[in-house]
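Below is one structure, written out as structure tokens, with a few remarks after it.
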Amino acid sequence: MTENLTLEAVAARPNLWLAAHKARHGKSRRADVEAFWLHKESHLLRLEGQLLNGSYEPGGYRMFEIFEPKRRMIAAAPFRDRVVHHALCNLMQPALERRFIARSFSCQVGKGTTAARECCRRLVNRYRYVLKCDVRKFFPSIDHDILLAKLARIIRCPVVMRLCRQITGSFQTGPENAADWFSGDDFFSINRPRGLPIGNLTSQLWGNFYLDGLDHVLTDREGHGAYLRYTDDFLLFGNDKGRLWDLWGRVEFELERLRLKLAEPKSRMLASREGVPFCGFRFLPNLRPRILGETKRRFEARRYRMARHEPPAKLTESIFSWYQFSQEGNSEGLRRAYTRWPSDVR
């Protein structure tokens, strides 16, 4: 598949047309999207020419904050750049996904949060202990040089690699997220370019690929199959607590090679009977998962805020989304409560 990953294939008109439709999905009412779509043929032809002659340059990002599921700064690229991201991922994603282990979830068809939760439920039922790991400030800490070196082993076309360097170089983590120090660091090491914008499609795919080496170390070299990962949140299960503590040291060593660290106190050893928090639910052996209290409180705050400031149709849509999400766990009482119109907040 990597032989087909050329700049000509990325800039091919059918691929750009498909990428434009994917980028427009769910955002067709935005002013910038409508302006692009009004003259889409000329815009795509110009974009094709810029990609092929090397004059393409990424635009600036629009920064804004979100508060669900937690407070984050989102960097949204211009619609023209999002088309390029989709065009690149259309060809790159199959090549990268072939390397992913079976229990690597996120940014893959059929491997979303529902599949990750089901995998977690099965493992909780089989093992007594779990090592829960979460990477500290994952996307802001991704090192550009390490990421590009990993991509260069897969992508053989130098001009496609130049496009990848342009996309990664279009964003850097600011001083608000101080870099971590590692052994042997100096002033230049600590100021290495790092960070991927959460709003980019390429960031989701490359973030998953960035930790793919850790997956293979734990499952292939260490032979530990009771493992799953969703982006930067991963779980190692077992019945031997000593073995899991040994793997903790291996995880820290492999993450340091990627200039990453575990988040504390989120990363810790748990007994399965205590309940394993993962993807918004708490999993207990031989029981249906329960929604985390933090997840419920976030939705309650959002429900009250929307009821006061948003139209009823948007509030109804949000409650229906929560209803579908909550069906995966033991939440019959909550679902009954949210099927009624929230007149108490009016």
Interatomic spacing from OG1 in Thr202 to CD1 in Ile167 - rounded to 0.5 Å: 5.0 Å
What are the two closest non-hydrogen atoms of Arg259 and Phe182, and how far apart are they? C-CZ, 3.2 Å
Taking all heavy atoms of Arg282 and all of Pro277, pick out the closest pair and write down the distance. NH1-CD, 4.0 Å
Inspect the contact between Arg122 and Glu118 and indicate whether a charged nitrogen and a carboxylate oxygen are less than 4.0 angstrom apart. yes
Non-neighbouring partners of His21 that pass ring-ring contact (aromatic ring centres under 6.0 Å, His included), sequence neighbours left out: Trp17, Trp37
Return yes if some donor-acceptor pair links the side-chain N/O of Asn125 with the main-chain N/O of Asn286 below 3.5 Å, else return no. yes
Any idea which heavy atoms bring Ser28 and Glu34 closest together, and the distance? O-CG, 3.2 Å
Has Thr168 got a side-chain atom pairing as donor or acceptor with Arg165's backbone, closer than 3.5 angstrom? yes
Let me confirm one number: the OG-CG distance from Ser170 to Asn200, rounded to the nearest 0.5 Å. 6.5 Å
Close aromatic pair by centroid cut-off 6.0 Å: Tyr61 and Phe171: yes
Let me see the working for Arg99 and Phe209 under side-chain contact (heavy atoms from CB on, under 4.5 Å), right down to the final yes or no. CA-CA 9 Å; Arg99 303 178 57 85; Phe209 176 63; 4.0 Å; yes
Chi angles and distances behind the side-chain contact (heavy atoms from CB on, under 4.5 Å) call for Leu18, Lys22: CA-CA 6 Å; Leu18 175 62; Lys22 287 184 176 180; 4.1 Å; yes
Can you sort out the partners of Asp81 under side-chain hydrogen bond (donor to acceptor under 3.5 Å, both in side chains), two or more places apart, ordered by chain and number? Tyr56
Are Arg257 and Glu254 close enough for a salt bridge, meaning some N to O gap below 4.0 Å? yes
Which heavy atom of Val160 sits nearest a heavy atom of Leu5, and at what distance? CG2-O, 3.7 Å
Is it true that a side-chain atom of Lys241 and a backbone atom of Arg128 form a donor plus acceptor pair closer than 3.5 Å? no
Same cluster (ILVMFWY, side-chain, under 4.5 Å), Phe138 and Leu131: yes
Check whether any side-chain heavy atom of Leu44 sits under 4.5 Å from a side-chain heavy atom of Val83, and report yes or no. yes
Over all heavy atoms of both residues, which pair between Pro197 and Ser203 is shortest? Give the atoms and the distance, please. O-OG, 2.5 Å
Is the backbone of Ala263 close enough, under 3.5 Å, to the side chain of Ser267 for a donor and an acceptor to pair up by distance? yes
Leu235 and Cys120, any side-chain heavy atoms less than 4.5 Å apart: yes
Do the side chains of Arg250 and Glu222 get nearer than 4.5 Å, heavy atoms only? yes
For the backbone of Arg243 and the side chain of His224, can you confirm whether one donor and one acceptor N or O come within less than 3.5 Å of each other? no
Can you hop from Val159 to Leu148 via hydrophobic side chains spaced under 4.5 Å? yes
Compare all side-chain heavy atoms of Leu88 with those of Cys164 and state whether any distance is below 4.5 angstrom. yes
Using only atom types and a distance under 3.5 Å, with no angle test, would you say the side chain of Arg103 pairs donor to acceptor with the backbone of Gly225? yes
Is there a path of hydrophobic side-chain contacts, each under 4.5 Å between heavy atoms, that joins Ile154 and Leu211? yes
Derivation and outcome, side-chain contact (heavy atoms from CB on, under 4.5 Å), residues Asp143 and Arg192: CA-CA 7 Å; Asp143 187 276; Arg192 291 160 61 105; 2.7 Å; yes
Basic-acidic side-chain contact under 4.0 Å: Asp215, Arg229: yes
Rounded to the nearest 0.5 Å, what separates atom CG in Leu123 from atom OH in Tyr127? 6.5 Å
Beyond-backbone contact of Tyr210 with Leu260, side-chain heavy atoms, under 4.5 angstrom: yes
Are His144 and Gln172 close enough that some pair of their side-chain heavy atoms sits under 4.5 Å apart? yes
Should Leu214 and Trp245 be regarded as members of a common hydrophobic cluster, given that ILVMFWY residues are connected when their side-chain heavy atoms come within less than 4.5 Å of each other, either directly or indirectly? yes
Ser272 to Pro285 - nearest heavy-atom pair and separation: O-CD, 3.3 Å
Any non-hydrogen side-chain atom of Cys133 less than 4.5 Å from a side-chain atom of Arg268? no
Any side-chain donor-acceptor pair under 3.5 Å between Gln204 and Thr231? no
Do the charged groups of Lys132 and Asp233 touch, with an N to O distance under 4.0 Å? yes
Is there a donor-acceptor pair closer than 3.5 Å between any side-chain N or O of Arg221 and the backbone N or O of His216? no
So, taking the atom named CG in Leu91 and the one named OG1 in Thr6, what distance separates them when rounded to the nearest 0.5 Å? 7.5 Å
dist Leu255:CG -> Leu262:CG (nearest 0.5 Å) comes out at 5.0 Å
Checking side-chain contact (heavy atoms from CB on, under 4.5 Å) for the pair Phe105/Cys119: CA distance, chi angles, key distance, verdict? CA-CA 10 Å; Phe105 298 89; Cys119 180; 3.8 Å; yes
Determine, using the 4.5 Å side-chain heavy-atom cutoff (strictly less than), whether Trp248 and Leu244 are members of one ILVMFWY cluster. yes
Find out whether Trp206 and Asn208 are in side-chain contact, i.e. whether some heavy atom of one side chain is under 4.5 Å from a heavy atom of the other. no
Phe36 and Phe79 aromatic ring geometry - parallel, tilted or perpendicular at 30°/60° bounds: perpendicular
CD of Glu48 to CZ of Arg46: how many Å apart, nearest 0.5 Å? 12.5 Å
